[in-house]
Number of protein chains: 2
Amino acid sequence: MQQPAPGRRAQQRQQRLAQILGAAEQIFATSGFEGASMAAIAAEAGLPKANLHYYFGTKEALYAALLEDLLRLWLSATDAIRPDSEPAAALEGYIRAKMAWSRSRPHASKLFANEVLRGAPLLAAHLSGGLRALVEEKAAVLRGWMAEGRMAVVEPRHLFFAIWAMTQTYADFDTQIRLVLDVPALGDREFDDGVATVLRLVLGGCFADSARQHG
Amino acid sequence: MQQPAPGRRAQQRQQRLAQILGAAEQIFATSGFEGASMAAIAAEAGLPKANLHYYFGTKEALYAALLEDLLRLWLSATDAIRPDSEPAAALEGYIRAKMAWSRSRPHASKLFANEVLRGAPLLAAHLSGGLRALVEEKAAVLRGWMAEGRMAVVEPRHLFFAIWAMTQTYADFDTQIRLVLDVPALGDREFDDGVATVLRLVLGGCFADSARQHG
DNA sequence: GGTTATGCTGACCGCGTGGTCAAGCTTTCC
DNA sequence: GGAAAGCTTGACCACGCGGTCAGCATAACC
């Protein structure tokens, strides 16, 4: 392991970055920006604190890097909603994707929640820029379907708010759900029930006739 | 104002307590427990920092006092759901109440969200105690209605999770909603649209046939 | 092998934090 | 009026924070 394999430096750099980002996501998610300490993140990553500063400069820059990655994921989830999609299938796909995301990346979801709760100081520009444009675009698709009578008339943007809220609650509020359901952790059963419930509400609300098939 | 009116002390005490609790709710809601500083709360309340410590002892005790009040409100909102209620009307009433609460007490809702996001260290006992019992009780009412064929069969507890998520998002995520809708603040219009959307989804999902009347 | 650029980190710093307290002030009670 | 009880607050403290940096280790390049 001593020979200077070419690119060893770059490779280790990537590993360290991932190590730090992973630890930071977890700590920031459960403690919030202010509550998290660089020392705690360093401990979680198994690195000296000064090393984090070497790679990211400041705590805020590290936090911002996480949010950047995060938002890219967030925005890409709506891909299934396109004018040529079948409306119910498109919404179902979107809900399933969001729900899967809540399950696989709960820390990321909590991080996002924390940031928005704080008033989104670092995300405001993205929210009123990229996200607004995306929502506007997808809302137009839904309005098209409504005009064609292929789905019920709802304010499309509020429909998105509802879907976001219901799906992300399984990540953000997992503690509450866990305690109310009296289970040690959310597993297959809880997520299946969650998906079924969200699908029923959304499909029932947007495609009243077909709703009864989803019980 | 100099004469020693009887009870002047107790009266001023109440005023001070309210003053502190109000300021604390606001600061804790937007900064989280760790992010909030006693100095910031004191400044918001217009009192010296040492005064807060005189009344509440520690930061955590002040925070806990807020959560205590909060949970009492939270639990009382389900009153409308009783076995002898008309199912759709009961759910509609509950949703409207929750939505009104999001509008009138957004700080309280955010405070709650912050606490649950952190893993609910101070609320865990209440969540798995009083709240779980309440949900179990109301879930039983819903199951009764389902058995009688008066509403669709859904997992009642997950239905509650969905309703909580959709209604509270108008308080907790108001920043995001505001930026996406491109309005300076959430007003009548936005809350009316929100109520309409949530009602459509829940009533459409639980009472499929009558859903179309709510567009 | 030698030189340079990059990576790494222990020790340190100034600052804001939650919390304390002695001293003074005001209301209450007799 | 006077003593006791409760209230107020400026000054202070130890501590943990984000951030810095000098000095050393290692990989890259010729």
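The sequence lines fix the lettering, A, B, ..., with proteins before strands; numbering per chain opens at 1.
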Task: Given B:F28, B:F56, B:F112, the one that forms ring pair (Phe, Tyr, Trp, His ring centres under 6.0 Å) with B:Y63 - done: B:F28

TODO: Please determine, for the side chain of B:A50, which listed nucleotide (D:dT20, C:dG18, C:dC21) has the closest atom?
DONE: C:dC21

Open item on the list: Between P on C:dG18 and CG on B:L52, what's the gap in Å once rounded to a whole number?
Closed with: 10 Å

Open item on the list: Output the rounded distance in Å from CG (B:L17) to P (D:dG6).
Closed with: 15 Å

Open item on the list: Just the rounded figure in Å: distance from P of D:dA27 to CZ of A:R9.
Closed with: 7 Å

Task: Nearest-angstrom distance from the residue atom CD of A:Q14 to C1' of C:dT6 - done: 15 Å

Open item on the list: Under 4.0 Å, counting only non-hydrogen atoms across every strand here, what does A:F56 touch: a base, just sugar-phosphate, or nothing?
Closed with: nothing

Open item on the list: Between B:Y54 and D:dC7, is there a contact of a side-chain N or O with OP1 or OP2 at under 4.0 Å?
Closed with: yes

Task: Residue whose nearest DNA chain C nucleotide is more 5′ - B:Q12 or B:K59 - done: B:K59

Open item on the list: Taking the basic N atoms (NZ, or NE/NH1/NH2) and the acidic carboxylate oxygens, is any pair closer than 4.0 Å for A:R105 and A:E25?
Closed with: yes

Open item on the list: So A:A42, base contact, sugar-phosphate only, or nothing? Heavy-atom distance under 4.0 Å.
Closed with: nothing

Open item on the list: Expressed as a whole number of angstroms, how long is the span from B:M38:CE to C:dG18:P?
Closed with: 7 Å

Task: SB check A:D193 B:R157 (cutoff 4.0 Å) - done: no

- [ ] Would you mind telling me which of C:dG19, D:dT8, D:dG19 lies closest to the side-chain atoms of B:R16?
- [x] D:dT8

Task: For atom NZ of B:K49 and atom P of C:dT17, their distance in whole Å - done: 9 Å

Open item on the list: Could you tell me how far apart B:I20 (CD1) and D:dT9 (P) are, to the nearest whole angstrom?
Closed with: 11 Å

TODO: Examine distances only and state if a side-chain atom of A:R96 and a backbone atom of A:V195 form a donor-acceptor pair shorter than 3.5 Å.
DONE: no

TODO: Answer yes when B:R103 and B:D188 have at least one side-chain N-carboxylate O distance shorter than 4.0 Å, and no when they do not.
DONE: yes

Task: A:N51 side-chain proximity, nearest of C:dT9, C:dG19, D:dT8 - done: C:dT9

Open item on the list: Can you identify which nucleotide, out of C:dG18, C:dC8, D:dT8, has its nearest atom closest to the B:S37 side chain?
Closed with: C:dG18

TODO: Remember a base hit wins even if backbone is also touched, and classify B:A10 as base, sugar-phosphate or nothing at under 4.0 Å, heavy atoms.
DONE: nothing

Task: Phosphate OP1/OP2 of C:dT6 contacted by A:R13 side-chain N/O (<4.0 Å) - done: no

- [ ] Provide, to the nearest angstrom, the distance between the NE2 atom belonging to A:H53 and the P atom belonging to D:dA22.
- [x] 17 Å

